[in-house]
Amino acid sequence: MEYKKNDLVQVLIEDMSDQGEGIGRAGGFTLFVKDAVAGDLVEARITRPKKNYAYARVEKVLTPSPFRVEPKCPVHRPCGGCQLQALDYGSQLSFKQEKVRNNLVRIGGFDRELVDRILEPIVGMENPWRYRNKAQYPVGEDREGRPVAGFYAKGTHSIIPCADCLLGPEINGRILETVLTYMRENRVEAYREETGKGQVRHILIRNGFSSGQIMVCLVICSPGEKLKREGKLLPAQEELTEALARIPGMTSVSVSINDEQTNVIMGREVRCIWGEPAIRDVIRVRDMSREGCPPTGRELVFQISPLSFYQVNPLQTEKLYSLALEYAGLTGRETVWDLYCGIGTISLFLAGRAKKVYGVEIVPRAVEDAQENARRNGIGNASFFAGRAEEVLPRYYEQGEGAEGPDRMRHPDVIVVDPPRKGCDSACLETILKMRPDRIVYVSCDSATLARDAKLLCQGGYRLERARPVDQFGQTVHVETVCLLSKLNVEHHIEVELTMDEMDLTAAEKKASYEEIKGYVLEKFGMKVSHLYIAQVKRKCGIIERENYNKPKSEDSKQPQCPPEKEAAIRAALEYYGMI
Ligand code: SAH
């Protein structure tokens with residue numbers, strides 16, 4: 001039987017798609033049902049019938065799933081931005097963990113057992129509401145021609161008025177109201193896509209959560225001749241800036257001109273019309289091995305301009321960066337590349353524990369922010385390059401003239417990548433493989449492209465060693481993941497195998513990583529010790545109870561034993577870190 005548009009079907013939702021639709025089967029058909037969650041029995045209306053499957057939306061929930069909750073936002077269905085709002089938060093986290101796991105297996109081709117062993121549990125949010133520090137509201141008109149701001153209804157360009165998105169701070173409602181009142185009182189028109197007429201297109205708000213600073217940027221079409229002659233961008237510009245300036249925390253008001261008829265929100269240029277051109281925010285590194293992840297003391301201040309990328313969930317970002325830093329395993333002697341570095345956030349945390357960091361970022365203004373951020377935080381060992389990672393990296397690989405001489409730059413110890421959703425360009429991945437760093441830390445906002453790229457890196461001589469999802473985007477289907485890939489080669493084989501051991505760490509072991517112990521021994525005693533030796537001493541001290549994955553495979557192969565002077569040095573390190 002084939003379904004027609006608008007048919008009503010009763011269906012039990014058994015699973016959920018990556019996009020957050022409920023999946024169920026009815027009459028031999030697979031149905032993708034919007035706004036249904038796993039476990040629901042629903043009556044669904046067919047919206048788009050296809051040959052063997054159909055899209056539908058919930059008409060009525062007949063028996064709610066035990067995982068269903070009442071969505072908090074009144075416009076969550078038409079808006080569609082929070083695909084998982086009807087699912088309880090614990091189930092949202094399981095959904096995301098599964099999504100990453102499945103992508104690594106299905107797209108990455110990794111063995112399911114390996115993924116189960118290395119994939120650590122998702123880092124959830126303490127409060128999955130009001131976490132976003134950035135909002136972009138489209139501006140339009142209601143039926144009476146009055147300006148409104150809100151969100152595009154999913155898949156359309158009609159605006160659903162909404163002053164209070166529950167993912168952002170409450171103050172945003174007051175900011176929107178201030179801009180709309182200014183528009184009404186001064187007859188400033190909203191831009192109309194159909195005709196290309198009108199002026200105000202979008203309102204961008206950024207909140208520095210730690211600093212309390214607020215930035216507002218109005219995206220507008222070019223001002224008319226009369227305004228231009230007056231040297232203004234908006235009519236009664238001072239009325240707008242004066243009203244916004246009364247909002248506590250307001251630090252920066254700017255305007256971006258965008259005359260293009262595309263989906264890109266921001267124009268190329270931004271002009272500050274009141275206050276400072278950027279806002280600041282503080283990020284602290286956290287101790288991810290401890291419950292509640294307390295800050296460890298290291299904190300950096302960042303300057304953020306309207307055109308620069310900045311992570312949208314500051315609290316979870318601290319956890320994400322802390323994991324990336326842990327995975328990088330730095331001791332202070334490494335040369336590191338940080339590709340897709342934005343305003344240098346990850347780079348500058350890495351710089352605190354590395355010898356030298358090179359950042360690459362495509363947006364020139366973000367590179368300027370990165371340089372300013374290095375200066376502001378007193379960091380002198382980070383350099384930034386503007387350009388595409390897939391062009392800058394090969395260029396330095398081929399030429400390799402750096403402050404430290406070509407070799408360190410061409411063969412860094414660690415490469416960190418944090419690309420946009422489409423993942424890394426193949427030219428970038430190929431150069432990474434030629435550079436052969438010991439470790440690659442891949443920070444990803446799309447586990448499908450992460451899996452694709454990790455597969456390629458593993459085919460090129462790396463091994464997937466650790467991975468952990470971090471929920472940066474509660475209520476939505478999106479999830480961030482950090483991955484550690486280690487170089488496989490004959491000499492390093494033992495090391496890699498042992499690092500696998502770190503997967504199920506005992507409480508004592510979590511206090512310091514192998515890299516930290518190695519670093520301490522080198523610093524204090526001037527001795528190099530291997531992972532193998534550290535593991536042997538740990539086992540002697542009763543810190544590791546489990547079996548060593550790295551046990552010799554054949555009976556006659558023998559592992560070297562840790563000499564006594566090195567054992568003494570390792571014991572001193574274990575004591576220093578409070579492990580014994
Ligand atoms: N690591 C940063 C930014 C991550 S977002 C942070 O955590 O804040 C991805 C960044 O990659 C954005 O700043 C974007 O401008 C940049 N980007 C996109 N394509 C790029 C490319 N081909 N080469 C270099 N940078 C790129």
Side-chain angles (χ1 to χ4, degrees), residues 74-75 78-81 134-165 168 171-207 214-247 250-275 277 305-307:
V75 297
C79 164
K134 175 183 169 185
Q136 299 177 117
Y137 293 89
V139 179
E141 284 178 346
D142 65 10
R143 289 214 182 93
E144 283 80 49
R146 283 177 308 216
V148 290
F151 294 98
Y152 290 128
K154 191 177 159 61
T156 76
H157 271 205
S158 53
I159 294 170
I160 301 161
C162 171
D164 187 24
C165 168
I171 189 96
N172 289 1
R174 178 164 167 202
I175 297 168
L176 290 187
E177 208 29 66
T178 304
V179 176
L180 294 176
T181 305
Y182 149 80
M183 288 176 68
R184 278 194 298 268
E185 287 177 357
N186 295 284
R187 297 177 186 278
V188 182
E189 289 182 357
Y191 173 73
R192 291 178 296 278
E193 276 184 8
E194 320 77 57
T195 57
K197 295 236 162 57
Q199 207 184 4
V200 180
R201 301 179 67 148
H202 272 88
I203 303 167
L204 166 85
I205 305 175
R206 267 186 166 159
N207 314 78
I214 300 173
M215 163 192 286
V216 173
C217 179
L218 257 57
V219 184
I220 62 169
C221 294
S222 291
E225 285 308 317
K226 186 163 165 282
L227 278 175
K228 269 195 195 146
R229 275 197 301 276
E230 291 168 16
K232 294 218 173 107
L233 295 163
L234 287 163
Q237 199 165 295
E238 298 73 28
E239 274 187 39
L240 172 70
T241 51
E242 274 167 26
L244 284 172
R246 281 195 287 274
I247 295 174
M250 191 59 60
T251 304
S252 167
V253 180
S254 57
V255 163
S256 176
I257 294 176
N258 183 1
D259 290 320
E260 309 286 320
Q261 299 216 344
T262 64
N263 280 343
V264 178
I265 294 177
M266 298 292 284
R268 252 168 244 166
E269 294 280 322
V270 173
R271 272 185 258 169
C272 181
I273 57 169
W274 181 87
S305 344
L307 287 178

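The residues of the chain are indexed from 1 along the displayed sequence. Computed over heavy atoms, backbone and side chain alike; hydrogens, waters and symmetry mates excluded.
Atom OG1 of T181 and atom CG of N186 lie 10.5 Å apart (nearest 0.5 Å).
With sequence neighbours excluded, no residue forms a side chain to side chain donor-acceptor pair (under 3.5 Å) with T195. Under the salt bridge (Lys or Arg N to Asp or Glu O under 4.0 Å) criterion, K232 pairs with E238, not counting sequence neighbours. Checked against side chain to side chain contact (heavy atoms under 4.5 Å, CB included), P161 has the following partners two or more places apart in sequence or in another chain: V148. For S252, there are no side chain to side chain donor-acceptor pair (under 3.5 Å) partners at least two apart in sequence or on another chain. Remark: F151 pairs with Y137 by the ring pair (Phe, Tyr, Trp, His ring centres under 6.0 Å) rule, at least two apart or across chains. With sequence neighbours left out, the side chain to side chain contact (heavy atoms under 4.5 Å, CB included) criterion links R229 to E225, K226. Listed by chain and number, the residues in a side chain to side chain contact (heavy atoms under 4.5 Å, CB included) with V253 are T241, L244, M250, I273, W274 (sequence neighbours excluded). Partners of P147 by side chain to side chain contact (heavy atoms under 4.5 Å, CB included), not counting sequence neighbours, listed by chain and number: L180, M183, R184. In this view, E269 satisfies the salt bridge (Lys or Arg N to Asp or Glu O under 4.0 Å) rule with no residue, not counting sequence neighbours.
Of the candidates V179, V219, N172, I203 forms a side chain to side chain contact (heavy atoms under 4.5 Å, CB included) with just one, namely V179.
Residue pairs that meet the salt bridge (charged side-chain N to carboxylate O under 4.0 Å, His left out) test with at least one member in residues 138-147, sequence neighbours left out, are E141-R192, D142-R146, E144-R146. The list of ring-ring contact (aromatic ring centres under 6.0 Å, His included) pairs with a residue in residues 178-205, not counting sequence neighbours, is empty. Residue pairs meeting the side chain to side chain donor-acceptor pair (under 3.5 Å) criterion with at least one partner in residues 253-267, sequence neighbours excluded, are S222-D259.
More than 12 non-hydrogen atoms from other residues, nucleotides or ligands lie less than 6.0 angstrom from NZ of K228.
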